[in-house]
Amino acid sequence: MRELDQLLTKSAIQAIKDCFGDNVDPGIIQFQQTRVEFEGHRTLVVFPLTRISKLSPEATGEKLGQWLVQHEDLIQSYQVVKGFLNLSVSADYWTNQLLRASAMNPYGFQEPESKPLVMVEYSSPNTNKPLHLGHLRNNFLGFSVAQILKAAGHQVKKVQIINDRGIHICKSMVAWQRFGENETPESSGLKGDKLVGKYYVAFDRAYKEEIQSLLANGADEDTAKKEAPLLIAAQEMLHQWEKGEPAVVELWKQMNGWVYDGFDATYAEMGVDFDHLYYESNTYLLGKDEIARGLKKNVFFQKDDGSVWIDLSEDGLDEKLLLRKDGTAVYMTQDIGTAIKRYEDFPGLDRQIYTVGNEQEYHFKVLFKILEKLGVPGANRNFHLSYGMVELPEGKMKSREGTVVDADDLLKEMAETAQQMAIDLGKVEGLDEEAIKTLSKQVGYGALKYFLLKVSPTKSMMFDPKASIDFIGNTGPFIQFNFVRASSVIRKCQEAGITTDIGAIDAEAWDELELRLIQDLLIWPETLELAAEQYDPSIIANHCYEITKAYSRWYQDHSILKESNTSKQHARISLTKLFIHEIEIAMKLLGVEMPERM
RNA sequence: GGUUCCGUAGCUCAACUGGAUAGAGCAUCUGCCUUCUAAGCAGACGGUUUUGGGUUCGAGUCCCAACGGAAUCACCA
């Protein structure tokens, strides 16, 4: 489509020169898709040209239209509506483009690894509790963006940093020691992450009881919170861990091991994976050297008490602490160290994309600014893939109030709903149990992924657990259904001995609706490019819905098997095949699989 | 209070980055299965794009102000 617009722009410039005698800047030529209610395919916006033509918009369009039809073979006819010149492009052109697109596999993808290496970080969970709905949005987003960047020609590394150390995991450890009675995933039948999460909750409950009794004994709230024996025990455990106390490290390894088994199972269900893992226990000491170096270069400064800071007030940000007065690291210190380490780990790394909630926008602004000031090349290309919170009708998810939507539970529920629906609709006849399970997951998970990815990442979104996710309308299953239906037609053609390898198409065979549909399909390469540039899977989701809706409408009254005119039949087969191909590769970028039947 | 993001149909979201009469889905009504899969299609209903100014041929989109919501402004991670 861009190619077409470039051709048309060239012609338009020539037309303006011939008609009005002026050379114009290509920037003023503006093409867009003609709205469906009007005749034509591409529309030239003529308002900006009236200054040159010194005519009314209508007269300007009229003149240019005449010139273009006369001099440009591509253009068959034109219509002027107000300040818009609608051009009808020849069916030959669309036919050729369709054939060209069909010959590419996958259509619209750039040469693999033709663009620089980028790193996409996502998930990055704490190891003290199971994954929840927020993680689902995070993982699907990050994974999808990684896929999109790959398709756009980038070399991509998918990573996560596992927050495996700190007071939070120590809380679970303390509680397990106190109340666990050596319970294991095996003995309890609980998934490892669920088991550890259970003790995190147990800690919190016991901790609160301790506070209550301290308060009852006359302590004030602050001291009660700080001096509850359980909290002291957890802090002590963290110290011992940092000293490398073998028993503590052993317990820590064991409990984290359980959590990893649990996470791995969830990731496998979600269909996401990673190329490389970072552990906070390995990276939390990083960054101090960088602080020292920055101090020498006067990027940072030291206060009288010995703490190290950076002053970003000139950049519209505040002063930010980088090293405590006792010389220990803060979160930012680690992140600086880890970011720099990654450039070392992956030579040629062009940029890092961090999939992290929008509550950390300020943090990443500061981080990128610091990296820039430290002289890290390309630091300003790094990107915080910031996404909005998933909100429940009653507000935010709060673990204390038990409103957290568990990832495993939701996935399971989606598959079950999909299965029930398939049974109700009579779609499972002749399928064995294994096939029903596969189908239910494809459809149920597809619905969930599409639901979470179709809204722009930056927006916070609403999720109502009671009103379950739809399977009809603008949904993943709607798209899957049309894929399946179209695939089935092609299969039946083959069974009937109708050739589905279309080498040539008669341009006369198309009707206007079909030329529209071809156009919609041909925007794909630019859609993909845009999604990659903006790190935004929702652009792809919306495209999938648009073409599917258009195809579904067309499908309704354009039969293929019963079409007696062979050139029409061939044309429709080629159109259907491109649709199938495009929808499959596009949805795959969202992590959504296509079922064989449904 | 400062900064950032957001406010579009009863609900959930779009709008090709300034273009034509602001579009979909859900919900509510009406039609369409003897016809390649009805998880579908066609139609109806639903809007002063929070409000008020401004910029221009043209504003949901850009600027200013107000109102409302969210995040952040930690020697937490």
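In what follows, every chain begins at residue 1, and chains take the letters A, B, ... in the order their sequences are listed. On a predicted model such as this, the values are computed, not experimentally measured, just so you know.
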request  = Quickly, which of A:F483, A:Y551, A:Y545, A:F471 forms a ring-ring contact (aromatic ring centres under 6.0 Å, His included) with A:F478? Name it, please.
outcome  =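 Testing A:F478 for a ring-ring contact (aromatic ring centres under 6.0 Å, His included) against A:F483, A:Y551, A:Y545, A:F471 leaves exactly one candidate, A:Y545.
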
Phosphate-side-chain proximity, [X] and [N], N/O vs OP1/OP2 below 4.0 Å:
{"X": "A:R35", "N": "B:A20", "answer": "yes"}
{"X": "A:S488", "N": "B:U37", "answer": "yes"}
{"X": "A:S552", "N": "B:C41", "answer": "yes"}
{"X": "A:K492", "N": "B:U37", "answer": "yes"}
{"X": "A:K82", "N": "B:G58", "answer": "no"}
{"X": "A:S386", "N": "B:C5", "answer": "no"}
{"X": "A:R485", "N": "B:A38", "answer": "yes"}
{"X": "A:K365", "N": "B:C73", "answer": "no"}
{"X": "A:K459", "N": "B:A14", "answer": "yes"}

From the list [options], which nucleotide is the closest neighbour of the side chain of [X]?
{"X": "A:R553", "options": "B:A42, B:A20, B:C75", "result": "B:A42"}
{"X": "A:M462", "options": "B:G19, B:C13, B:A71", "result": "B:C13"}
{"X": "A:Q30", "options": "B:C75, B:G19, B:C6", "result": "B:G19"}
{"X": "A:Q360", "options": "B:G25, B:C75, B:A77", "result": "B:A77"}
{"X": "A:P477", "options": "B:A39, B:C13, B:A20", "result": "B:A39"}
{"X": "A:K562", "options": "B:C6, B:C36, B:A39", "result": "B:C36"}
{"X": "A:R51", "options": "B:A14, B:C57, B:A38", "result": "B:C57"}
{"X": "A:L321", "options": "B:A20, B:C75, B:A77", "result": "B:C75"}

Check: [X] side chain, [N] base, donor-acceptor under 3.5 Å:
{"X": "A:Q534", "N": "B:U17", "value": "yes"}
{"X": "A:S456", "N": "B:A14", "value": "no"}
{"X": "A:D464", "N": "B:C11", "value": "no"}

Rounding to an integer number of Å, can you tell me how far [X] [atom1] sits from [N] [atom2]?
{"X": "A:I523", "N": "B:A15", "atom1": "CD1", "atom2": "C1'", "value": "13 Å"}
{"X": "A:I539", "N": "B:U17", "atom1": "CD1", "atom2": "C1'", "value": "10 Å"}
{"X": "A:E391", "N": "B:G7", "atom1": "CD", "atom2": "P", "value": "13 Å"}
{"X": "A:E563", "N": "B:C36", "atom1": "CD", "atom2": "P", "value": "15 Å"}
{"X": "A:R597", "N": "B:C36", "atom1": "CZ", "atom2": "C1'", "value": "16 Å"}
{"X": "A:F38", "N": "B:A20", "atom1": "CZ", "atom2": "C1'", "value": "5 Å"}

Between the side chains of [X] and [Y], is a donor N or O closer than 3.5 angstrom to an acceptor N or O?
{"X": "A:D520", "Y": "A:H543", "answer": "no"}
{"X": "A:Q360", "Y": "A:Y331", "answer": "yes"}
{"X": "A:R485", "Y": "A:S552", "answer": "yes"}

If I pick the [atom1] atom on [M] and the same atom on [N], what distance separates them, to the nearest angstrom?
{"N": "B:G46", "M": "B:U56", "atom1": "P", "answer": "36 Å"}
{"N": "B:C13", "M": "B:G52", "atom1": "C1'", "answer": "28 Å"}
{"N": "B:A20", "M": "B:C6", "atom1": "C1'", "answer": "28 Å"}
{"N": "B:C5", "M": "B:C64", "atom1": "P", "answer": "11 Å"}
{"N": "B:A14", "M": "B:G7", "atom1": "P", "answer": "9 Å"}
{"N": "B:A59", "M": "B:G53", "atom1": "C1'", "answer": "14 Å"}
{"N": "B:G25", "M": "B:G40", "atom1": "C1'", "answer": "14 Å"}
{"N": "B:A42", "M": "B:U48", "atom1": "P", "answer": "27 Å"}

ask   = Is B:C33 in the syn range, within 90° of 0, or in the anti range?
value =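 Here B:C33 takes the syn form, which means its glycosidic angle is within 90° of 0.
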
task = Classify the glycosidic conformation of B:U21 as syn or anti, calling it syn when the angle lies within 90° of 0.
result =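 B:U21: anti.
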
task = State the pairing partner of B:U72; accept Watson-Crick or G-U wobble contacts with both distances under 3.5 Å, and report none otherwise.
result =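 Paired with B:U72, as far as the under-3.5 Å criterion goes, is B:G2.
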
Pairing partner of B:A42 (Watson-Crick or G-U wobble, both distances under 3.5 Å) =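 Pairing partner: B:U30.
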
key: Nearest-nucleotide comparison on RNA chain B, the residue closer to the 5′ end among A:L323 and A:A418   =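 First, find each residue's nearest nucleotide; the 5'-ward one identifies A:A418.
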
task = Name the orientation class of the two ring planes belonging to A:F47 and A:F84 (parallel below 30°, tilted from 30 to 60°, perpendicular beyond 60°).
result =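 Judged by the thresholds at 30° and 60°, the geometry between A:F47 and A:F84 is perpendicular.
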
ask   = Parallel, tilted or perpendicular for A:F463 and A:F451, by the 30°/60° rule?
value =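 The rings of A:F463 and A:F451 stand perpendicular, inter-plane angle above 60°.
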
inquiry  = Which heavy atom of A:L317 sits nearest to which heavy atom of A:K365, and what is that distance?
reply    =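 Heavy atoms only, the tightest pair is CD2-CD, 4.2 Å.
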
inquiry  = Using a 6.0 Å distance limit plus a 45 degree cone around the ring axis, check whether A:K320 lies over the aromatic ring of A:W309.
reply    =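 Not flagged: A:K320 not positioned over aromatic ring of A:W309.
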
